[in-house]
Amino acid sequence: MSGHHISSDKTLLGVAGALFILTVLTVGVHYVHIPDPWSIIVAMGIAIFKATLVALFFMNLYWDDRFNLMLFLASIAFFILLVGLTLLDTLFRTDVVPGF
């Protein structure tokens, strides 16, 4: 188990500023007319990058043991697998109410 890490104010404020800028960028993507599937892909990419910053610096995974980072990534992969299996089920389901 690694020692406890205390992040400096400069690091936390830098990450907070990056999160604020990325939030403004996400709102800006909404107003820029990007073709339909790409706007969602760009917005989700920005959201994933923001979540990565939060996990690495605010959850201290950057300074923690690599095993904890591996557990975090495995839990995300398991979540994606479960959501993917659920979506596969809904894609091939017949409509209960036709035209609905």
Side-chain angles (χ1 to χ4, degrees):
M1 180 148 218
S2 67
H4 189 72
H5 177 78
I6 298 175
S7 299
S8 66
D9 291 342
K10 183 179 177 182
T11 301
L12 294 178
L13 288 174
V15 172
L19 290 174
F20 179 74
I21 290 170
L22 289 171
T23 301
V24 170
L25 188 63
T26 303
V27 174
V29 165
H30 173 73
Y31 290 109
V32 175
H33 296 289
I34 300 174
D36 219 8
W38 292 105
S39 62
I40 295 173
I41 291 172
V42 169
M44 289 301 294
I46 293 170
I48 289 171
F49 186 68
K50 287 169 54 181
T52 302
L53 284 177
V54 169
L56 287 177
F57 294 104
F58 288 124
M59 295 172 64
N60 286 333
L61 285 177
Y62 184 75
W63 294 282
D64 207 356
D65 286 339
R66 296 294 175 220
F67 180 73
N68 291 336
L69 180 63
M70 185 186 71
L71 285 178
F72 182 73
L73 293 176
S75 65
I76 289 174
F78 187 69
F79 174 73
I80 290 171
L81 178 70
L82 288 178
V83 169
L85 289 175
T86 303
L87 288 177
L88 281 177
D89 181 48
T90 58
L91 288 176
F92 299 109
R93 191 179 297 171
T94 59
D95 292 337
V96 177
V97 179
F100 185 67

Original post:
Side chains of D65 and N68: does their closest heavy-atom pair fall under 4.5 Å?
Top reply: yes
Original post:
For the atom pair CZ (R66) and CG (L61), what is the distance rounded to the nearest 0.5 Å?
Top reply: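 Answer rounded to 0.5 Å: 9.5 Å.
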Subject >> pair I76-F79: side-chain heavy atoms closer than 4.5 Å >> reply: no
Subject >> Interatomic distance, H5 atom NE2 to T11 atom OG1 [nearest 0.5 angstrom] >> reply: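 Going from NE2 on H5 over to OG1 on T11, the span is 6.5 Å.
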**OP:** Could you tell me whether L87 atom CG has more than 12 heavy atoms of other residues or ligands within 6.0 Å of it?
**Re:** yes
Original post:
Is any side-chain heavy atom of D64 less than 4.5 Å from a side-chain heavy atom of L69?
Top reply: no
Original post:
Got a second to check how far T26's OG1 is from I46's CD1, nearest 0.5 Å?
Top reply: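 Here the rounded value is 4.0 Å.
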Subject >> Within-4.5 Å side-chain heavy-atom neighbours: F49 and L25 >> reply: no
**OP:** Would you mind reporting whether N60 and W63 have side-chain heavy atoms less than 4.5 Å apart?
**Re:**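 A side-chain contact under 4.5 Å exists here.
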Original post:
Can you check whether F58 reaches L53 side chain to side chain, under 4.5 Å on heavy atoms?
Top reply: no
Subject >> Separation between CZ of F78 and CG of L73, rounded to the nearest 0.5 Å >> reply: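 Spacing of CZ (F78) from CG (L73) equals 15.0 Å.
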**OP:** Treat each ILVMFWY residue as a node, draw an edge where side-chain heavy atoms are under 4.5 Å apart, and state whether V54 and Y62 are in one component.
**Re:** yes
Original post:
Which value, rounded to the nearest 0.5 Å, describes the distance between L85 atom CG and I80 atom CD1?
Top reply: 12.0 Å
Subject >> Side-chain heavy-atom pair T52, L56 within 4.5 angstrom cut-off >> reply: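 A side-chain contact under 4.5 Å exists here.
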Subject >> Nearest heavy-atom neighbours spanning V29 and S39 >> reply: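 Closest approach of V29 to S39: CG1-O, 3.9 Å.
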Original post:
Under a 4.5 Å side-chain heavy-atom rule over Ile, Leu, Val, Met, Phe, Trp and Tyr, are L22 and L12 clustered together?
Top reply: yes
